[in-house]
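Please read the structure below before turning to the comments.
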Amino acid sequence: MQIIRELGPLRNALQNIRQEKSTLGLVPTMGALHAGHMKLVETATAQCDVVVASIFVNPAQFGEGEDLDAYPRQEAADAALLEAAGVELVWAPTVDQVYPDGFATNVSVSGVSSGLCGGSRPGHFDGVATVVAKLFNQVRPDAAFFGEKDYQQLAVIRRMARDLDFTHDIIGVPTVRDPDGLALSSRNAYLTPGQRSQAVALPDAMRAAAEAIKGGGDIATILSEAEAKILASGFHQVDYFELRNADTLENMTIFDNPARLLAAAHIGSTRLIDNIAVT
C-alpha cells in the first residue's frame, strides 16, 4: 500500500492504477479510524476494483474554539487498518498541498446546509464542501463513500455533486453502532467511562421518538419530551432535536414523507451527533 502526500506523485500513481483497474472508489476520512470507517472501506472494496482512502484533518471545517488541535491523529495505526482491509493507496496530503499559499476559493452549498449543524457551526459545511470538491478533483473516483451518521454532511455532498456536475456515484453507508446503540464516532474517545454509559440516552431517545412519530403522536410534543429526557440523562446541552425531510432536510411538522430524526447534544466536553430514519 502506498502512502502519498504530494499531488504530483498522487497523479502518477492514479494514472498507473487506472491502466490496470477499471473502477476506483474513494473513502474520505480525517483519520482516527474506527469500525464505522472500516465499514465504508468494506463497502467500497466490495463495489470497486481499487480503493483509495484519504486521511486529512481539514482545518477549514473547524470553527473558533473547536477541537482542531485536539482531534486524534494516529496515522500509523490507521494505515495498518487500511492496508489489512485491502486499500491500495492512502492520500495523506499536507495542509499546503490542499490549501497552498494564496488559496482563495470557497464552495458553499445553501439549503441543506441550513440549520442543524450548519446553524451551530457557522462555516463548517463550506469547509466540508470545499475540501471534498478538491478530493474529488484530485482522485477522480468512480464512486465515493460516506457514512450516514453524518447525515447533513452527506446531503450537502450529494447536493454539491449534483450542482457541480460531478459524475461519480455518492454512496451513503448506514451508521455503525456499538451493541448498546451509540453511534461510532472518533469523538467517543473523549468520553469518560461515566459519560460513555450516559451517552446511550441519545440513541435511546431517538428510537423512542421515532416510534412515537410513526404512531401518530404530536411531533412538537414528542421532540420536546425527547430533548428533556436527554438533558435528564447527563447531557448538559441539546443543540437540536428535529424531524426533517429525508431528502431535502426541510423541517417537518406533519409526518407525511420519509423523514430523518437528527440530533446533536453535549456531554462533558464532547458534542455527539446522531440520526435515524423515520419511514
Side-chain angles (χ1 to χ4, degrees), residues 1-4 10-11 13-58 74-93 128-129 131-162 164-179 181-186 188 203 246-247 258 260 273-277 279:
M1 185 184 74
Q2 301 179 77
I3 300 177
I4 298 178
L10 175 70
R11 291 174 179 137
L14 291 172
Q15 184 176 13
N16 292 334
I17 288 172
R18 285 291 193 185
Q19 292 174 352
E20 301 177 359
K21 312 282 184 164
S22 59
T23 58
L24 188 153
L26 171 65
V27 179
T29 85
M30 293 208 302
L33 303 183
H34 51 65
H37 296 106
M38 302 317 295
K39 184 64 176 180
L40 301 182
V41 173
E42 177 187 334
T43 305
T45 56
Q47 297 187 25
C48 301
D49 296 320
V50 61
V51 174
V52 174
S54 65
I55 298 176
F56 180 66
V57 181
N58 177 32
Q74 51 187 50
E75 186 181 296
D78 292 342
L81 287 171
L82 293 170
E83 185 169 22
V87 171
E88 290 195 24
L89 189 156
V90 172
W91 172 226
V128 170
V131 78
V132 171
K134 294 207 69 171
L135 290 172
F136 287 171
N137 280 326
Q138 291 163 350
V139 177
R140 304 292 176 93
D142 297 292
F145 298 80
F146 298 88
E148 290 186 355
K149 188 249 178 185
D150 295 296
Y151 195 81
Q152 188 177 18
Q153 172 179 280
L154 177 59
V156 167
I157 291 165
R158 283 176 166 157
R159 182 75 263 171
M160 179 198 71
R162 288 194 295 267
L164 298 186
D165 300 320
F166 288 107
T167 58
H168 60 272
D169 294 327
I170 308 296
I171 309 296
V173 179
T175 302
V176 178
R177 299 180 181 275
D178 276 334
L182 186 67
L184 297 190
S185 169
S186 300
N188 291 357
D247 180 42
R260 208 88 185 184
I273 65 171
D274 202 350
N275 70 89
I276 61 171
T279 58

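Model, not experiment: these values are computed from the prediction.
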Worksheet item: Hey, does the side chain of T175 reach the backbone of A183 with a donor-acceptor pair shorter than 3.5 angstrom?
Response: no
Response to the item:
CG of D247 to CZ of R159, rounded to nearest 0.5 Å, is 8.5 Å
Worksheet item: What are the two closest non-hydrogen atoms of A143 and I171, and how far apart are they?
Response: CB-CG1, 4.4 Å
Discussion item. Let's go through L89 and L10 carefully: what are the C-alpha distance in whole Å and the side-chain angles of both, what is the deciding distance for side-chain contact (heavy atoms from CB on, under 4.5 Å) to 0.1 Å, and is it a yes or a no?
Written reply: CA-CA 9 Å; L89 189 156; L10 175 70; 3.9 Å; yes
Worksheet item: If you round to the nearest 0.5 Å, how far is CG of L14 from CD of Q2?
Response: 9.0 Å
Fill in: No-hydrogen, no-angle side-chain donor-acceptor test under 3.5 Å, D49 and S22
yes
Worksheet item: Which heavy atom of V156 sits nearest a heavy atom of A129, and at what distance?
Response: CG1-CB, 4.4 Å
Worksheet item: Quick one: NE2 on H37 to CZ on F145, what's the gap to the nearest 0.5 Å?
Response: 15.0 Å
Worksheet item: Sub-3.5 Å donor-acceptor pair from the side chain of N275 to the main-chain atoms of E148, do we have one?
Response: yes
Response to the item:
One should read off an interatomic distance between E42 CD and Q47 CD, to the nearest 0.5 angstrom, of 11.0 Å
Fill in: Considering all heavy atoms, the nearest P28-S54 contact
CA-OG, 3.1 Å
Practice prompt. Could you pull out the closest heavy-atom pair between S186 and A32, with the gap in Å?
Written response: OG-O, 3.1 Å
Fill in: Check: I273 and Y151 side chains under 4.5 Å, non-hydrogen atoms
no
Worksheet item: Out of curiosity, H168 NE2 to I170 CD1, how far, rounded to the nearest 0.5 Å?
Response: 3.5 Å
Worksheet item: Is any side-chain heavy atom of F136 less than 4.5 Å from a side-chain heavy atom of L26?
Response: yes
Worksheet item: Under a 4.5 Å cut-off applied to non-hydrogen side-chain atoms, are L82 and I55 in contact?
Response: yes
Response to the item:
On a heavy-atom basis, the closest approach of D142 and T23 is OD2-CA, 3.2 Å
Worksheet entry | D274 with R177: basic N within carboxylate O range, under 4.0 Å | yes
Practice prompt. For residues R18 and L24, determine if any side-chain heavy atom of one lies less than 4.5 Å from a side-chain heavy atom of the other.
Written response: yes
Worksheet item: In Å and rounded to the nearest 0.5 Å, what is the CG to CZ distance from D169 to R158?
Response: 10.5 Å
Worksheet item: Taking the side chain as C-beta and beyond, is there a heavy-atom pair between Q153 and I157 under 4.5 Å?
Response: yes
Worksheet item: When you look at V132 and F146, which way does the side-chain contact (heavy atoms from CB on, under 4.5 Å) test go after all the steps?
Response: CA-CA 11 Å; V132 171; F146 298 88; 4.0 Å; yes
Fill in: M160 to A133 - nearest heavy-atom pair and separation
SD-CB, 3.9 Å
Item to complete: Report yes if the side chains of K149 and L184 come closer than 4.5 Å at any heavy-atom pair, otherwise no.
Response: no
